[in-house]
Amino acid sequence: MEYNFTAIEKKWQQYWEENLTFKTPDDLSNPNKCYILDMFPYPSGAGLHVGHPEGYTATDIYSRYKRMKGFNVLHPMGWDAFGLPAEQYAIHTGTHPSVTTKNNCDTFRRQIKSLGLSYDWDREINTTDPKYFKWTQWIFIKLYNTWFDETLQKGRPVSELQVPDEIREKGDEETGKYVDSRRLAYYDNALVWWCPQCRIVCANEEVLFDGSHEKCGNKVEKKNLKQWMLRIPLYAERLLRGIDKLDWPEGIKDMQRNWIGRSTGAEVDFQIDGLNEKLRVFTTRPDTLFGATYMVIAPEHSLTVAISTPEHRKEVENYIKAASLKSDLDRTDLAKDKTGVFTGRYAINPVNNKKIPIWVADYVLTGYGTGAIMAVPAHDTRDFEFAQKFSLPIDCIQDPDVEDPQQKRRILDGEECWTEDGKYINSSSEITGIDINGLNKEAGIAKMIRWLESEGLGAEKVNYKLRDWLFSRQRYWGEPFPVIHWEDGTVSLLDEAELPLELPLMEKYMPGESGESPLANATEWLNVTDKNGRRGRRETNTMPQWAGSCWYYLRFIDPLNDEMIFDSEKERYWMPVDLYIGGAEHAVLHLLYSRFWHKVLYDLAIVSTDEPYMKLFNQGMILAFAYETENGAKVSSDMVEEREGKFYNKQTGEELRQIVAKMSKTLKNVVNPDDVTSKYGADSLRLYEMFMGPLDVTKPWDEKGVKGVFNFLQRTFRFFSNTDNIITGDEDPEILKGLHQAIKKVEGDIENLRFNTAISAMMIFLNLVTKKGKVTRDTVCSFTKILAPFAPHLAEELWEIQGHSKTLACEPWPPANEEYLREDTFEYPVSVNGKLRFKTELPLDMGKEEIAKTVLSDERAKKWIEGGTLANIIVVPGKIVNIVVKNR
RNA sequence: GCCCGGAUGGCGGAAUUGGUAGACGCGCUGGUCUCAAACACCAGUGGUAGUGAUACUGUGCCGGUUCGAUCCCGGCUCCGGGUACCA
């Protein structure tokens, strides 16, 4: 019988759909549940590319396997469908983004369904659906109405916030301000990146290092706008500590830790000479206070202008202006010289009362610490560079632990920077009484902090890199904020009953020049009046794309619930997500934001787990071959021809080099899954995606490889669908052994997401049975079952050919029987001085000494010992024998 | 610069982390089938030398630990990814 994959795949996809094979029952009685989730896609106009099915196939194999293992599996799919492309398309064509979005979703759904993925389509969600974003808005209201109790390290309703009496006495306005200052969501002026081309504000994360906008590539500028912000840093400690217990790749955990960026140190106050002001700094090295020879204040610091002396003020102001035009890269590029100007002002170093100059320099950032530093050039490379450039004193206060006397001399003379440990020198003062001379770094830090605290000059302090999350966009195609700004200056949020607040229909989607979103033009929608005639205006910002993806895994649990965000009982049953697979590009932002929301919901007792995703796995990127000339010029793939394993430019005949690159339109090396499916079938596509290599590495797509797995499936079908090959009676022991080896290998590999080697194990088994020629029906059925998660259409067909009338999707996974795997003998590799010389088969229960005796009496061993002395023989039972011969 | 990965045949990759390097697949070579080609099937395939058994060599480079190193340690080179002076 020929392998007609088109007919087979169509038939079974239809069967699964009609029989609701993969509908997840709301049966919460099965104690074994498994929630297997893909990062849901943004449905772009380009359709699916071969990178998508990589993760989807992996989770599908895992899901099908877990079902066969008796688990109640939740495996849903949906669309993260808000986003800029649909909006920009709307600007150009007037087509409403919902139309574009619907079309794109339809394409994605069709393409995904054609791969035979076992999603429960009844749970499909779409972030742009008002029934969905009603609850995104609902969560925003929760965030707004929550404050963070530092003592309990827990988010609590603002109704439980104790307003201090002295503030309450000042009246409602001050009380309101106090409460607002504690809410997790707040509305404030923020200096944000503005893209004049897109007319939108970009998050810091969206601005590329060269100061251009990630989406359009144009230069961005800074602009002050009213923005919604979320106080994620309050959860920094919880987010950091939570990482430890997660089963995530260590690299991703590191990235999250680095992003949160916890550092411990001290805040120290420096009195400003001649002014009744103090300059507070954060330092991780309070022990080096004696080496502080100057201070640096950030250009944006509120005191910068104020402390500058009249003769320096002009210069400082010019410097501030210049710094504000720089992108972060310009300020931080290591290749560039450090810049800065003197403020004319001095501060008093609290450890010795010495006067040190205060400079303003843009290598100090406002967003981190206090926006000012004490500079210790002898022991900090950045300060060292700056001090050298501006000839500021460099006082070494640590005797370096170095051997080289010349280097030691240079360091002590302040000609070289020393950032490692060493014993303190020149670190005492009779005036203030502090002395840390002779201590090392750890003891020095501890003693200095104790002293600062006792003198009231500073305190131990933990600092985080993590910043407030800018949570609004000047866009149309996003979730509207359920917020009204009233003419009296107050802000109110909609009642839950008024949700969802839908987007108004519009004719033009152009944003306003001033930085307002297109919603500012939707006058009817925009203006509201309350029952007392007070007029107000709706919030025109919309939420960022992160909003919908922050909590979608929760909605899959109960996607059609109109009464509640989800049913709590179902949430307790399904959460947390057991396996989450997606691209590493979301390693930090999506996963961190999502964890943040989840923790808030946990604190409010809306969810039952403290973390959303237990096990995370990142699939690697799929690249494609591309071609370049000898000097590196890229050549579009349709211009290339292959002759005898070499590549040539069709037109010029020039020989080209094959390289591996990201798929891109310009290189014309994008692979469309539809083309692969029509040529080889969905099962082949699935199998190849998994066979290419380990799931987590980047790897190049090679159509020849698809052919390889196609051949395997074709041979599988031909052999097992041929009834002449099926016999009755006892199975050949060798086949039985091969089968159970395969079962064991495939099972272990699926559990560890090592699909490439699982497939190779099945190939080995097929090679064995085709050589043998005949198998029993039991063997066919067992093999069909282990193949099923990988090539489900083919497996269903073979299952039916064996006379079954129902799907194998819920058949039990065949157990690997160790009895068939047991070996009595082992072919010992015998090496001499570590080099393999020959092999000899010996019983596995033979003792070490007997093995040694037998091996040494072997003629081949004698040959290698001859002419030398036998020094030792190492026997590792079941592994290897090594003969050590000397003087040979 | 810093952090995290990685480097294994002509190619994608195996080796259940100290114990037979190169599983499986692609490609290539030879053969069977065919008028012929494609498909399919069978055999071979790291390199060098040899008809051959076999020997030497071989996991980016240099060194070390070990009976034994792709795996551990020290020092480099190159390639990916992340990050941007975080005090």
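Below, chain A is the first sequence line, B the second, and so on; all start at residue 1. Quick note: numbers below take in every heavy atom, side chains included, and nothing from hydrogens, waters or symmetry partners.
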task: Side chain of A:Lys835 only, please: which of B:A87, B:U57, B:U20 is the nearest?
output: B:U57
Atom pair distance, as rounded to whole Å: NE2 in A:His301 and C1' in B:A87: 13 Å
- request: Using the closest heavy atom to pick a nucleotide of RNA chain B for each, name whichever of A:Glu827 or A:Asn872 lands nearer the 5' end.
  value: A:Glu827
task: Consider the side chain of A:Lys863, meaning its heavy atoms from C-beta on, and name the nucleotide among B:A87, B:G82, B:A55 that approaches it most closely.
output: B:A55
- request: Please round to the nearest 0.5 Å and tell me the distance separating atom OG1 of A:Thr757 and atom CG of A:Asp749.
  value: 3.5 Å
message: As a test of reading the structure: which of B:G12, B:A15, B:U20 is closest to the side chain of A:Pro829, going by heavy atoms?
response: B:U20
message: Let me spell it out: for each of A:Ile373 and A:Met692, pick the nucleotide of RNA chain B with the closest heavy atom. Which residue's pick is nearer the 5' end?
response: A:Met692
message: Need one value for A:Asn882: base, sugar-phosphate or nothing, where a base atom within 4.0 Å counts as base even if backbone is also close, heavy atoms only.
response: base
message: Just the rounded figure in Å: distance from P of B:G82 to CD of A:Gln256.
response: 16 Å
statement: Rounded to whole Å, CD1 of A:Ile759 lies from P of B:A14 at a distance of 12 Å
- prompt: Can you check the A:Ile764 CD1 to B:G25 C1' distance for me, whole Å?
  reply: 11 Å
- prompt: Among B:G19, B:U83, B:C26, which is the nearest nucleotide to the side chain of A:Lys704?
  reply: B:C26
task: Would you mind classifying the nucleic acid contact of A:Asn756 as base, sugar-phosphate or nothing, using non-hydrogen atoms under 4.0 angstrom?
output: sugar-phosphate
statement: Out of B:A87, B:A14, B:C24, minimum distance to the side chain of A:Asn767 belongs to B:C24
- request: Using the P atom on both, measure B:C61 against B:C78 and round to a whole Å.
  value: 15 Å
- request: Compare the minimum distances between each of B:A87, B:C67, B:U20 and the side chain of A:Val884, then state the nucleotide with the smallest one.
  value: B:C67
query: Out of B:A87, B:G13, B:G19, which has the shortest distance to the side chain of A:Ile880?
result: B:G19
message: Under the ring pair (Phe, Tyr, Trp, His ring centres under 6.0 Å) test against A:Tyr3, which residue among A:Phe719, A:Phe717, A:Phe720 passes?
response: A:Phe717
- prompt: If pairing requires Watson-Crick or G-U wobble contacts with both distances under 3.5 Å, which nucleotide is the partner of B:U77?
  reply: B:A7
- request: Provide, to the nearest angstrom, the distance between the CD atom belonging to A:Glu703 and the C1' atom belonging to B:G27.
  value: 15 Å
- line: Checking B:G12, B:U83, B:C86 against the side chain of A:Trp259 (C-beta onward), the nearest is B:U83
- prompt: Are the side chains of A:Phe5 and A:Phe710 in touch, meaning some heavy atoms are under 4.5 Å apart?
  reply: yes
- request: Can you tell me the pairing partner of B:G30 across any strand shown, Watson-Crick or G-U wobble, with both distances under 3.5 angstrom?
  value: B:C42
- prompt: With respect to the side chain of A:Lys707, which nucleotide from B:G27, B:C67, B:G82 is positioned closest?
  reply: B:G27
query: How close or far is atom P of B:G19 from atom NZ of A:Lys879, stated in whole angstroms?
result: 6 Å
message: What contact category does A:Arg837 fall into here, base, sugar-phosphate, or nothing, at under 4.0 angstrom with non-hydrogen atoms?
response: sugar-phosphate
query: Under the salt bridge (Lys or Arg N to Asp or Glu O under 4.0 Å) criterion, do A:Lys771 and A:Glu734 qualify, and how do the steps go?
result: CA-CA 11 Å; A:Lys771 194 169 266 177; A:Glu734 222 177 305; over 6 Å; no
message: Please classify the nucleic acid contact of A:Ser831 as base, sugar-phosphate, or nothing, using heavy-atom distances under 4.0 Å.
response: nothing
message: Considering every strand and a 4.0 Å limit on heavy-atom distances, what is the contact class for A:Lys839: base, sugar-phosphate, or nothing?
response: base
field: Gap between atoms CG and C1', on A:Asn258 and B:U83 respectively (whole Å)
entry: 9 Å
- prompt: Roughly, in whole Å, what's the span from NZ in A:Lys465 to P in B:C2?
  reply: 16 Å
message: Applying a 4.0 Å non-hydrogen cut-off, can you work out what A:Asn711 is touching in the nucleic acid: base, sugar-phosphate, or nothing?
response: sugar-phosphate
message: If the glycosidic angle sits within 90 degrees of zero it is syn, else anti. Tell me which applies to B:G81.
response: anti
